[in-house]
Each structure stands twice: as structure tokens, then as C-alpha cells.
Amino acid sequence: LSTASETVGTAKLDELYEQMLRIRLLEDAVHRLFLNNEIEGTTHLYQGQEAVSVGVCDVLEPGDTVAATYRGHGAALALGVDQTRLLAELLGRETGTNGGRGGSMNVIDLERDLIGCFGIVGGSIAAATGAGLAAQLSRDGSVAVAFFGDGATNQAYFHECLNFAGVRRLPLLYVCENNLYGEWSSMFHVTAVGELLSRAPGYGMPGVEVDGNDVLAVREVAAEAAARARRGDGPTLIEAKTYRHKGHSRVDPGKYRPKEEVDEWLGRDPIPRLAARLDGGAVARIQERVERELEAALDAARSAPFPSPDRLASAFKEA
Amino acid sequence: MPEISFREAVRDALAEELERDGRVFVMGEDVEPGGVFNTTPGLVERFGKERVFDTPISELAFTSAAFGAAVKGMRPVVEIMFGDFLGLVIDTLVNQASKYWYLSNEQASVPLVVRSAVGGGARFGACHSQTPTGWFLGEPGLKLVAPSTPADAKGLLKSAIRDDNPVVVFEHKMLYGRKGEVPDGEASVVPLGRAAVRRQGSDVTVVAAMAMCEIALAAADELASEGIEAEVIDLRTLRPLDVDTIAASAEKTGRLVVVEEGPPTGGYASDVISFAVEEAGPIRARRVSMPDLPIPFAASLEDWARPSVGQVAGAARALAA
């Protein structure tokens with residue numbers, strides 16, 4: 001596994017910690033809101049994987065493009081999507097990122113370079129590949145990132161798009177968040193190869209494995225892949241080894257996972273790991289601020305109106 | 001006005017739009033050498049490999065890439081060699097491209113064109129002869145274009161490329177060699193969503209699209225010799241459907257025949273009749289479509305399966321009786 005070697009300043013460490021904590025506390029709140037039916041439908045929670053999206057998004061520039069999955073609240077916050085608007089979307093409110101039309105699995109915020117969270121496994125790979133093609137054709141110097149899980153590596157989207165990107169040397173970061181389970185199934189039961197990275201050379205790109213619970217290591221690997229993409233040297237497949245603390249979705253308590261495995265991964269929680277490198281006072285200050293901001297965001301999102309069906313809508317953009 | 005073939009009309013539309021808008025690019029399997037239906041010859045020589053380029057045989061990948069690129073402001077035109085292969089790209093078309101404008105709360109639309117060769121008559125068998133418009137009719141955010149003449153092949157394709165939304169253009173493979181007068185430049189643009197009345201008549205309305213328009217017009221000639229005057233409507237666009245033109249004609253004649261090169265259920269024929277009944281009131285109607293079977297290979301079977309002049313004339317006679 002790649003590990004962080006560069007020296008990162010205190011201010012950056014504080015910032016990364018704050019971003020990860022914001023995701024963690026928002027997801028905890030979202031979980032409660034789902035369980036008490038304040039948020040309807042289903043949700044896919046990101047606790048445990050925060051270091052992946054925070055580490056990758058930290059090295060991106062404005063104008064880069066990120067596509068995320070239905071487990072995408074973390075990527076959204078890591079890109080700076082306003083948490084009030086994110087919560088409002090999950091609550092189906094008019095002020096949500098998508099005006100309440102998308103919900104948890106379809107958050108889109110183009111101003112924050114989030115081309116979307118995609119409800120179909122592998123859909124993020126499609127959108128990011130296209131953004132990478134646009135970047136190459138328009139020569140705007142940007143890169144695109146696809147976040148996806150281990151489950152998506154068995155989808156046609158993965159195989160076809162990685163070949164397409166490999167043959168065209170598109171400026172892409174394919175970031176597999178390997179949390180070891182595709183929905184309720186162990187990756188090892190449904191994947192013909194135990195090492196996902198072995199697929200990278202088949203598509204003409206380097207594969208890099210990284211400790212997905214170490215935000216600094218993720219950041220370093222992502223920075224190198226982004227630099228490579230911006231140089232015109234093509235895509236990289238990054239496998240970030242991580243773990244989701246919760247089940248797949250609302251109805252899933254995750255009981256198919258051995259307790260020892262869960263405990264082992266909880267011991268590698270990326271947030272306390274980074275906290276150990278921070279000043280104790282800073283940790284407390286950040287905790288207090290993130291909690292306060294989340295409360296305010298929740299109040300604002302809850303008080304927003306529901307969207308009205310009276311608003312004229314078309315599936316088409318009119319000329 | 002110059003007379004050119006349907007396939008030349010397609011090529012001219014692509015060339016003119018590539019020239020007009022630097023965001024337009026063309027990709028697909030073998031489009032650089034001109035494609036199996038010879039609709040893109042000369043384009044790569046004129047516009048270069050950044051604007052016109054070959055792809056792997058990987059329809060999902062390049063249509064996905066077109067979706068993402070369109071959100072980012074490009075205007076891709078992809079060629080899916082045979083309409084039958086559209087099954088490979090349905091997810092990116094219907095779960096991504098067609099929903100994006102609405103789901104994103106109108107943050108961005110997806111100006112994407114998919115061109116594809118469809119239709120039977122070439123003895124290509126079950127998986128290279130379909131007209132799979134029905135696969136897409138149930139998806140609200142896709143425009144569906146179905147030209148029948150060289151002029152429309154050019155004019156509708158130009159409109160499709162200029163449209164801000166995802167558009168699938170169905171090009172009937174038996175029409176590529178047909179010749180007709182096609183205007184030059186801006187005069188050639190044909191707006192989406194407007195049907196064309198190809199023949200005036202007062203006794204029965206016959207609605208068709210693509211190659212079925214020729215069948216409908218031939219049936220109308222046969223009927224005229226018997227004193228039955230058919231009005232023939234060419235849909236040209238399947239979504240948005242020109243309900244006003246259909247309903248006005250159906251109301252006038254009171255009789256409606258819809259010809260479709262596809263199975264009897266889940267196609268545009270049923271939709272056209274439904275809208276006509278809702279808008280025009282009580283009318284008598286018939287569908288002429290294909291049997292609920294895969295399209296067979298043998299000439300005797302395929303010719304039997306495809307709608308014929310005799311079937312269309314027979315349906316019209318039955319209504320007029």
C-alpha cells in the first residue's frame with residue numbers, strides 16, 4: 001500500500017480533518033433522519049470511507065469533474081457542496097441541490113464540479129469518461145474523476161469505459177472504493193480475480209493500491225494520478241481499500257459481515273487516525289464548529305418548502 | 001435544387017454542422033473510412049481526427065462518453081451501426097442522458113445525437129433488421145426522429161444536432177440509396193416535431209414513418225384507382241409527436257390506419273391511435289404492423305412479416321366499407 005510520505009502542514013491537516021468530520025456527522029444525522037422516516041426512500045451511507053473522497057477531491061482544481069455513486073454524500077461534501085442544500089435534497093425540498101427532483105442517489109451540483117451521483121452501479125464511470133473526453137477534445141487542461149465501488153468493477157461500464165479511456169489516453173482518475181462488499185455480497189464471492197488492480201494493465205493504464213483509510217496517502221496517490229492525466233499521459237486506476245461502517249442501504253444492518261472483520265476495520269477508522277496527528281485543542285474546536293454548522297444546516301433544510309407540482313416542467317430544454 | 005441520395009444528405013448534414021459549430025464531433029465504429037452504410041465518407045479528411053474518429057466496438061463506452069461530454073458542453077453525434085445494437089446503450093441513454101435536464105433541476109441539458117440504421121428488407125436477419133423505436137417510446141426525455149426522404153434526412157439531422165436535448169435519429173437502411181431534391185445550407189433545416197402531409201385525401205388517413213411512407217403512398221395510389229382518397233401523413237418525429245396534424249386529419253376523414261415496421265404492441269401505432277381518439281373523438285382505426293415474432297431471414301418469411309401495400313390498402317378498404 002502507498003503511504004503518505006510528504007510533509008503536510010498543520011492548516012491542511014485541520015482542513016482535511018474538518019472535511020472528513022463534516023461527512024461523518026452529516027451521515028450520522030442522515031441515518032437518524034431515515035430511521036425516523038423524516039427522510040423517505042432509501043439511503044447509502046458513507047461512514048468509514050471519508051478519507052477516499054476527501055483525499056482525492058483535495059487535489060482537484062476548479063473545472064475538474066467528479067462523478068460519484070449512490071453512496072455519494074461524501075463526495076458531494078468533499079467538493080464543497082453546501083450541506084444545507086444537500087440535506088434539503090435528501091429531505092425532498094425545493095431548495096435542494098436538485099430542487100427535490102433527484103434525492104439521495106442523484107445529487108448533482110455542476111457549480112461544484114459534481115456532474116452527478118448515479119443510481120446505477122457503474123453510471124459514474126460513464127459520466128466521468130465523457131467529461132474526460134470533453135476535456136481532451138477541448139484541451140481545457142481539466143481532469144475527471146469517477147468514484148465507484150468494487151461491485152462496479154464487474155459491470156460493462158467499467159470494462160468498456162476503461163478500455164475506451166486507455167486507448168484514447170483520457171485524463172481520468174478511476175477511483176475504486178473497495179469496501180469489500182457489493183451490496184450484501186463479499187467481493188471475493190462475485191469477482192473472478194482477488195486483486196482488482198490486476199485489471200488495470202488489461203486496459204493500458206497503471207493501477208495503484210492505497211490505504212483508503214489514510215487521507216494523506218489517498219491525497220498523494222491522487223495528486224500523482226491527476227498530474228499524470230494533466231500531462232496527457234492518460235488514466236490511472238486507483239484502488240482505495242476501505243470499509244463501510246454501515247450496511248449497504250437503509251434495510252441492511254450488514255449482518256453478513258463477521259464481527260471480527262467489522263471490529264478490525266473500525267480500528268482503522270480514518271477520522272481518529274488523523275485526529276491523532278492534530279493538536280487536541282484543534283480537534284475540539286473543529287468538532288464544535290462542525291456540529292454547530294450541521295445543526296444550522298438541518299434547521300434550514302427542514303424549514304424549506306416542498307417543491308410544488310404546479311411549477312411547469314418539461315423533460316426537454318426548450319430552445 | 002440538387003438531387004442527392006439519402007446517405008449523401010446525412011453526410012452533408014454532418015459536414016455542415018461540423019463546419020458550423022466547433023463543439024460538434026462525430027464518433028462511432030468505422031466512421032473514419034465512411035462506415036458500413038457509407039454515410040460519413042470524407043469527413044475525417046476534411047475535419048481531422050479530433051472531430052471525426054473511430055471507436056472500439058464498445059457501444060456502451062462511446063455512448064456513455066458522449067453523454068458525459070454533452071453535459072460538459074460538447075455536441076457529440078454518435079453512430080450506432082445497427083439499431084439492433086441500441087440495446088447495448090439503453091442504460092446510458094435512459095438512466096443518464098434523457099433524465100439529466102429534469103433531474104438536475106435544469107442545471108444542464110444533454111445535447112447528444114445518436115444516429116442508427118434500422119429496418120428490414122435487406123435479409124440481415126433478426127438482430128440486424130429491427131426498428132426498435134418501441135424500446136425508447138416510453139422514455140420521456142428522448143426525442144425520436146424518423147426521416148423518410150433525403151430532404152428530411154438532412155434537415156431533421158441538422159435540427160437534431162442543434163437541439164439541446166438527447167435525440168435518437170433512426171435512419172432506415174433501405175432508404176439510404178433513395179434520391180431526392182435536398183436544399184442547400186440553412187434552407188434545408190427541418191424543425192423537429194412537425195409531421196408532413198404527403199398526400200391530401202378526404203376518405204381515410206394513413207399515418208406512417210420512414211420506409212413505411214413509401215408503402216403508404218403506394219397503397220394510396222391503389223386506393224385512388226378504386227375511388228378512395230387517402231391522406232398520407234409522414235410522422236417525421238415520433239417524440240414530440242405532432243398530435244395536431246394527426247388529429248386534424250383523423251377528424252376530417254373519420255378513419256385512421258397507422259403503418260409501423262414493428263410489433264403490434266408497444267409501438268407508435270398504438271400511441272398515434274390513442275392520441276387521435278382523445279383529440280378527434282370517435283373514429284375508426286386499424287394498425288398495420290408486424291407479427292409478434294423475431295424478424296425472419298428467408299426472403300419469403302421476411303417479406304411476409306413486413307407491412308405490405310396490400311395490407312395497408314386492405315385495412316383502409318375495411319374502414320371505408
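Numbered from 1 within each chain, the chains take letters A, B, ... in sequence-line order.
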### Query
What part of B:Phe53 is in contact with chain A, defined as an atom under 4.5 angstrom from a non-hydrogen atom: side chain, backbone, both or neither?
side chain
### Salt bridge present between B:Arg162 and B:Glu17 (N-O < 4.0 angstrom)
yes
### Task
Would you kindly say whether B:Arg115 and B:Thr39 are connected by a side-chain donor-acceptor distance under 3.5 Å?
yes
### Query
In terms of heavy-atom pairs under 4.5 Å with chain A, which of B:Lys99, B:Glu50, B:Glu59, B:Arg23 leads?
B:Glu50
### Summary
Ranked by heavy-atom pairs below 4.5 Å to chain A, first place among B:Asp91, B:Thr92, B:Thr55, B:Asn95 goes to B:Asp91
### Message
If we check side chain to side chain contact (heavy atoms under 4.5 Å, CB included) with B:Val77, which of these qualifies: B:Val169, B:Ile161, B:Val31?
### Response
B:Ile161
### Message
Looking only at heavy atoms and a cut-off of under 4.5 Å, which of B:Lys72, B:Arg51, B:Gln107 has the most pairs with chain A?
### Response
B:Gln107
### Query
Between A:Ile115, A:Thr129, A:Asn106, which has the largest tally of heavy atom pairs under 4.5 Å with chain B?
A:Ile115
### Message
Once you measure the plane-to-plane angle for B:Phe170 and B:Phe136, does it fall in the parallel (<30°), tilted (30-60°) or perpendicular (>60°) bin?
### Response
tilted
### Query
Any idea which of B:Met74, B:Glu106, B:Gln96 has the most non-hydrogen atom pairs under 4.5 angstrom with chain A?
B:Gln96
### Query
Is a donor on one side and an acceptor on the other found under 3.5 Å between the side chain of A:Arg112 and the backbone of A:Val81?
no
#### Entry: Under 4.5 Å from any heavy atom of chain A - which part of B:Asn165
side chain
### Close aromatic pair by centroid cut-off 6.0 Å: A:His44 and A:Tyr70
yes
### Task
Would you mind checking which part of B:Leu88 comes under 4.5 Å of any heavy atom in chain A, side chain (CB onward), backbone (N, CA, C, O), both or neither?
neither
### Contact class of B:Arg239 relative to chain A, heavy atoms under 4.5 angstrom
side chain
### Query
So which part of A:Ile120 gets closer than 4.5 Å to some heavy atom of chain B, the side chain, the backbone, both or neither?
side chain
### Message
Only heavy atoms, only distances under 4.5 angstrom. Which residues in residues 142-173 of chain A are near chain B?
### Response
A:Ala156, A:Tyr157, A:Glu160, A:Cys161, A:Asn163, A:Phe164, A:Val167, A:Arg168
### Message
Any side-chain to backbone donor/acceptor pair from A:Ser314 onto A:Phe316? Under 3.5 Å, distance only.
### Response
yes
### Query
What distance do A:Asn98 atom CG and A:Leu86 atom CG have between them, rounded to the nearest 0.5 Å?
9.5 Å
### Query
NZ/B:Lys154 to CZ/B:Arg11 distance, rounded to the nearest 0.5 angstrom?
9.5 Å
### Message
Between A:Glu94 and A:Arg311 (salt bridge meaning N to carboxylate O under 4.0 Å), is one present in this structure?
### Response
no
### Message
Under a 4.0 Å threshold between the charged nitrogen and the carboxylate oxygen, would B:Arg75 count as salt-bridged to B:Asp164?
### Response
yes
